[in-house]
Amino acid sequence: MGKSNDGDSEDYIIKDEAENSYELNIQPAASILNVFSRLSYKPWYAIAEFVDNSTQSYISHQEELDNDEFFEKLVVDVRYDSEKNTLTITDNAYGMEIDRFKDAIILDSRNETQSGRNEFGMGLKTAASWFGEVWTVKSTQYGSNNRYVATVDIPKLKEDNLNSIEIRRYHVDSKTHKTEIIIEQVTKKITGARTIGKIRDLLSSMYRRDINNRNIEIWFNGVPIEFDDYPVLTNFRDKKWKKDLDFSVQFLDREYRVKGFVAIMNPGSFPKAGFALFRQDRVVIGGTDANYKPDAIFGQAQSQRSLKLFGELDMDDFPVNQAKDGFIWDDGLEEAFIDELKANIQEYIEIADLSKKQRDDESQYSDEKSEELHKDVENSLQNAFKNDFDNIDDNEEDDNLISEEDGNLISEEDNSDYQQYVNEFIDVETEEKILGTDRNYTIPISSVEEVDFVVKWTTGKKDYWIEYKEYEQDKYDVTINIEHQFFMPFSKEETFKRVLEKFTLAFILSERQAKKVCDYEGYIPVNAIKNHMNRYLQKLAED
């Protein structure tokens with residue numbers, strides 16, 4: 001059993017030397033191949049032409065291949081050898097018989113039955129000629145004993161004024177199915193960490209659905225391509241901010257259907273935000289730093305929308321250019337599409353406009369949060385004062401309820417960070433604003449005496465931590481400045497807000513009780529407020 005000398009890999013079982021050879025006219029003149037080298041490809045889009053052929057070959061014959069006990073999954077392997085200056089693309093898809101093989105080589109040929117990702121039938125020859133001077137194609141179709149090999153040597157064809165090449169046929173084991181493309185004398189060298197990283201990023205984006213949803217692996221230089229879904233904002237206004245889309249664009253008496261989703265990214269990312277536009281389940285426009293961000297929707301480059309708004313859109317009805325890196329829609333179709341898209345995602349545009357601080361403030365001071373705090377403080381107050389009226393002595397002045405020890409609320413070690421936070425906050429001027437809903441509390445002081453409170457939060461004003469007034473006897477209107485500079489490092493914490501609200505009510509009750517034991521000149525005993533405060537805080541702590 002002989003082995004050919006054309007660089008076969010070991011998994012090809014060659015039974016004989018070439019049994020047949022074909023002289024193939026690659027019409028028109030081979031000099032046109034030089035034109036392909038000047039196409040406005042990017043390396044990742046040129047590589048995508050090969051991956052398109054491999055993945056479409058598998059998708060078109062998926063049932064047959066998946067039912068084969070010897071077939072595990074489609075593997076597309078792309079390798080650039082800088083020392084040999086070669087680019088090799090290998091797959092174990094369905095492969096090609098002679099008619100399809102010829103179509104892949106002949107310059108002005110396209111298989112009219114082609115559909116899906118290789119609908120133009122020009123990708124292999126254009127991308128291979130763009131990448132290098134010499135390229136070879138080897139392929140065996142699933143279930144066939146025939147393996148075909150052809151080499152296109154562009155400088156030689158031009159020098160000898162030839163427009164024909166030789167196709168050799170080999171006899172191989174029928175279990176073999178494989179296509180291999182070897183590009184030599186690469187003129188668009190794949191070097192540099194930035195270029196390699198860009199190729200990996202954009203290939204992962206282009207084929208994200210193949211990688212994550214199909215039985216397909218794509219490798220680049222020995223490392224598998226992977227794609228991680230972007231994080232979606234959840235638990236804001238009690239929902240996950242991702243919405244399915246299905247709408248149509250009417251343009252020049254034709255309907256273009258669009259399906260997909262829109263979402264809010266959290267945390268945001270300028271390179272990842274924007275829309276990925278799909279056709280045939282493969283990204284046409286999109287990827288890291290390359291997503292679709294029309295100004296009419298996203299505004300300025302550094303806007304909140306450009307940071308957080310993203311989605312995927314299937315646009316199979318829209319015409320694509322031959323390089324499959326953009327749509328043919330400069331006749332007004334794009335503007336019609338943008339208008340319809342904007343109308344369908346208006347709510348998400350508004351949410352994307354909110355900064356993280358604005359979302360946090362809304363969540364912190366929402367009616368729901370206010371109600372939760374109300375219930376928590378109400379329960380604490382009721383439990384703390386329940387059935388304990390006889391133990392309250394308005395005239396008691398016990399200095400020993402708690403020892404008076406000097407000390408700082410904030411340690412010296414933490415003071416510098418705290419002071420920096422306070423200074424930064426003080427320098428910011430904001431208007432006073434009432435937040436959340438009013439919370440009403442009734443506290444039983446004795447079996448015949450109750451005190452009512454109406455409590456609200458405010459932000460912005462910095463010259464007080466609480467304000468309260470007795471608008472009727474034993475009825476108090478209380479405002480807590482949640483953004484007082486002393487509280488700011490902690491005021492976003494739900495637990496702290498509950499503690500602060502309880503502390504405030506205990507403080508006001510202590511002042512009220514202290515006033516009741518003042519002497520005939522109106523003087524309050526020095527320990528009265530402290531003693532009552534200690535007692536109320538102890539009750540709340542026990543609760």
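The model shown is predicted, which means the values in this text are computed figures rather than measured ones. Residue numbers run from 1 in the order of the sequence given.
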Could you tell me whether a side-chain N or O of [X] sits under 3.5 Å from a main-chain N or O of [Y], the two making a donor and an acceptor?
{"X": "Ser306", "Y": "Gln302", "answer": "no"}
{"X": "Lys342", "Y": "Ile349", "answer": "no"}
{"X": "Asp438", "Y": "Val454", "answer": "no"}
{"X": "Lys308", "Y": "Leu354", "answer": "yes"}
{"X": "Asn291", "Y": "Ala273", "answer": "yes"}
{"X": "Arg439", "Y": "Thr437", "answer": "yes"}
{"X": "Arg208", "Y": "Ser205", "answer": "yes"}
{"X": "Thr55", "Y": "Asp52", "answer": "yes"}
{"X": "Lys502", "Y": "Leu540", "answer": "no"}

Looking at side-chain heavy atoms only, is the closest gap between [X] and [Y] below 4.5 Å?
{"X": "Ile351", "Y": "Trp241", "answer": "yes"}
{"X": "Tyr58", "Y": "Asp66", "answer": "yes"}
{"X": "Leu203", "Y": "Ile47", "answer": "yes"}
{"X": "Gln280", "Y": "Ile59", "answer": "no"}
{"X": "Ile264", "Y": "Tyr230", "answer": "no"}
{"X": "Arg535", "Y": "His532", "answer": "yes"}

Give, for atom [atom1] of [X] and atom [atom2] of [Y], the distance between the pair rounded to the nearest 0.5 Å.
{"X": "Glu312", "Y": "Asp229", "atom1": "CD", "atom2": "CG", "answer": "7.5 Å"}
{"X": "Asn383", "Y": "Glu378", "atom1": "CG", "atom2": "CD", "answer": "10.0 Å"}
{"X": "Phe131", "Y": "Lys188", "atom1": "CZ", "atom2": "NZ", "answer": "8.5 Å"}
{"X": "Phe220", "Y": "Ile89", "atom1": "CZ", "atom2": "CD1", "answer": "10.0 Å"}

Only one of Val262, Leu245, Leu233 clears side-chain contact (heavy atoms from CB on, under 4.5 Å) with Tyr348; which?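 Among Val262, Leu245, Leu233, the one meeting side-chain contact (heavy atoms from CB on, under 4.5 Å) with Tyr348 is Val262.
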Can you spot which of Asp314, Val320, Leu313 makes a side-chain contact (heavy atoms from CB on, under 4.5 Å) with Leu277?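 For Leu277, the side-chain contact (heavy atoms from CB on, under 4.5 Å) test succeeds with only one of Asp314, Val320, Leu313, which is Leu313.
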Close aromatic pair by centroid cut-off 6.0 Å: [X] and [Y]:
{"X": "Phe278", "Y": "Phe275", "answer": "no"}
{"X": "Phe337", "Y": "Phe327", "answer": "no"}
{"X": "Trp465", "Y": "Phe507", "answer": "yes"}

For Asp452 and Lys475: C-alpha separation, side-chain torsions, deciding distance, then whether salt bridge (charged side-chain N to carboxylate O under 4.0 Å, His left out) applies. CA-CA 5 Å; Asp452 294 327; Lys475 295 182 183 295; 2.8 Å; yes
Set out, in order, the CA-CA distance, both residues' side-chain angles and the distance that settles salt bridge (charged side-chain N to carboxylate O under 4.0 Å, His left out) for Arg512 and Asp474, then state yes or no. CA-CA 9 Å; Arg512 175 189 177 278; Asp474 288 337; 2.8 Å; yes
Does the cation-pi check pass for Lys497 over Trp457, that is, NZ or CZ under 6.0 Å from the six-membered ring centre and within 45° of its axis?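 Yes, Lys497 and Trp457 form such a contact.
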Is the shortest side-chain N to carboxylate O distance from Glu470 to Lys515 below 4.0 Å?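 Salt bridge: no.
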Does either side chain, that of Tyr41 or that of Thr126, offer a donor lying less than 3.5 Å from an acceptor on the other one?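 Yes - a donor-acceptor pair under 3.5 Å links their side chains.
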Atom NZ of Lys293: over 12 foreign heavy atoms under 6.0 Å: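 More than 12 heavy atoms, drawn from other residues, nucleotides or ligands, come within 6.0 Å of this atom.
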Which class fits the ring pair Tyr256 and Phe318: parallel under 30°, tilted 30 to 60°, perpendicular over 60°?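 Plane angle between 30° and 60°, so tilted.
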